[in-house]
Visitor: 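This is the structure I have questions about; it appears just below.
Note that the structure is predicted; figures quoted are calculated from it, not measured.
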Amino acid sequence: MPNLIEDRLSSLLAEWINANRPEEFPDSTALPIHVARRDEIRTRPCVVLNPSEAKPIPAMPHSARVKLDVHLFSQVDDTPAETHAEWAGKLVALLGGKAAIQGALDSDTFVLHDLLERESVTTPDESRGRESVLSYEAIVSAV
């Protein structure tokens, strides 16, 4: 069950982010949205959704708490720090609209009960790039 929930959450959320890009946010060719653990070639800049640590909720059948990290990657040479920070802020604002996300994702086979923001961080990485990690905990049910 945990893999089903993780996969379903990340796939649906990636599609939703792609369909609901904020104003002045790059399009899908300039800033693609990927799901971790897939064989897609990733170029920077990009956004990668990485679900992990699905913990079943005993009182709720087919439900789990899923740690979800949303990674924003960019290159120092191509994306100024201010632009990277602006994109990260737009992602945080977009993912803060829980009601809109729930309305779009909920179905007979999937329910997003909550999306809780956790600690986020931006750091340089070893390949002359930047990485912002926006951390969330999603409470979901899937059958």
Visitor: How long is the straight-line distance from OG of Ser10 back to NE2 of His34, given to the nearest 0.5 Å?
Guide: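 So the gap between those two atoms works out to 13.5 Å.
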
Visitor: How many angstroms lie between atom OG1 of Thr83 and atom CD of Glu86, to the nearest 0.5 angstrom?
Guide: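 That separation rounds to 6.0 Å.
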
Visitor: Just how far is it from atom CD of Glu6 to atom CD of Glu53, taken to the nearest 0.5 Å?
Guide: 9.0 Å

Visitor: Name every donor-acceptor pair, under 3.5 Å, that has one atom in a side chain of residues 13-26 and the other anywhere in the protein, sequence neighbours excluded.
Guide:
from: Asn18; atom 1: OD1; to: Arg21; atom 2: NE; distance (Å): 2.9
from: Asn18; atom 1: OD1; to: Arg21; atom 2: NH2; distance (Å): 2.7
from: Asn20; atom 1: ND2; to: Trp16; atom 2: O; distance (Å): 2.8
from: Arg21; atom 1: NH1; to: Pro26; atom 2: O; distance (Å): 2.6
from: Arg21; atom 1: NH1; to: Leu31; atom 2: O; distance (Å): 3.1
from: Arg21; atom 1: NH2; to: Leu31; atom 2: O; distance (Å): 2.9

Visitor: Which heavy atom of Ala88 sits nearest a heavy atom of Ser132, and at what distance?
Guide: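 That would be CB-OG, 4.1 Å.
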
Visitor: Please determine which of Pro58, Pro56, Ser63 meets the side chain to side chain contact (heavy atoms under 4.5 Å, CB included) test together with Met60.
Guide: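 Among Pro58, Pro56, Ser63, the one that satisfies the side chain to side chain contact (heavy atoms under 4.5 Å, CB included) with Met60 is Ser63.
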
Visitor: Run the side chain to side chain contact (heavy atoms under 4.5 Å, CB included) check on Arg42 and His71 step by step: do they pass?
Guide: CA-CA 12 Å; Arg42 297 183 198 155; His71 299 262; over 6 Å; no

Visitor: Answer with yes or no whether the hydrophobic clustering places Leu12 together with Leu95; edges join I, L, V, M, F, W, Y residues whose side-chain heavy atoms lie under 4.5 Å apart.
Guide: yes

Visitor: Quick one: does Arg130's side chain get under 4.5 Å of Ser74's, heavy atoms only?
Guide: yes

Visitor: Val92 and side chain to side chain contact (heavy atoms under 4.5 Å, CB included): which partner among Leu134, Val70, Leu72?
Guide: Leu134

Visitor: Please answer: with hydrophobic residues joined when any side-chain heavy atoms are less than 4.5 Å apart, are Val35 and Tyr136 in the same cluster?
Guide: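 No.
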
Visitor: Rounded to the nearest 0.5 Å, how far apart are OG1 of Thr43 and CG of Asp78?
Guide: 10.0 Å

Visitor: Taking all heavy atoms of Ala30 and all of Pro45, pick out the closest pair and write down the distance.
Guide: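 Distance-wise, the nearest heavy atoms are O-CG, 3.4 Å.
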
Visitor: Any side-chain heavy-atom pair from Asn50 and Arg37 closer than 4.5 angstrom?
Guide: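 Yes, side chains in contact.
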
Visitor: Are any of the side-chain heavy atoms of Phe73 and Thr79 separated by less than 4.5 Å?
Guide: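 No. Closest side-chain heavy atoms not under 4.5 Å.
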
Visitor: Which atom pairs, one a donor and one an acceptor, fall under 3.5 Å between side chains of residues 106-118 and the rest of the protein, sequence neighbours left out?
Guide:
from: Asp106; atom 1: OD1; to: Leu112; atom 2: N; distance (Å): 2.8
from: Ser107; atom 1: OG; to: Thr109; atom 2: N; distance (Å): 3.2
from: Ser107; atom 1: OG; to: Thr109; atom 2: OG1; distance (Å): 3.4
from: Ser107; atom 1: OG; to: Phe110; atom 2: N; distance (Å): 3.2
from: His113; atom 1: NE2; to: Ser141; atom 2: OG; distance (Å): 2.7
from: Asp114; atom 1: OD1; to: Lys98; atom 2: NZ; distance (Å): 3.0
from: Arg118; atom 1: NH2; to: Glu137; atom 2: OE1; distance (Å): 2.6

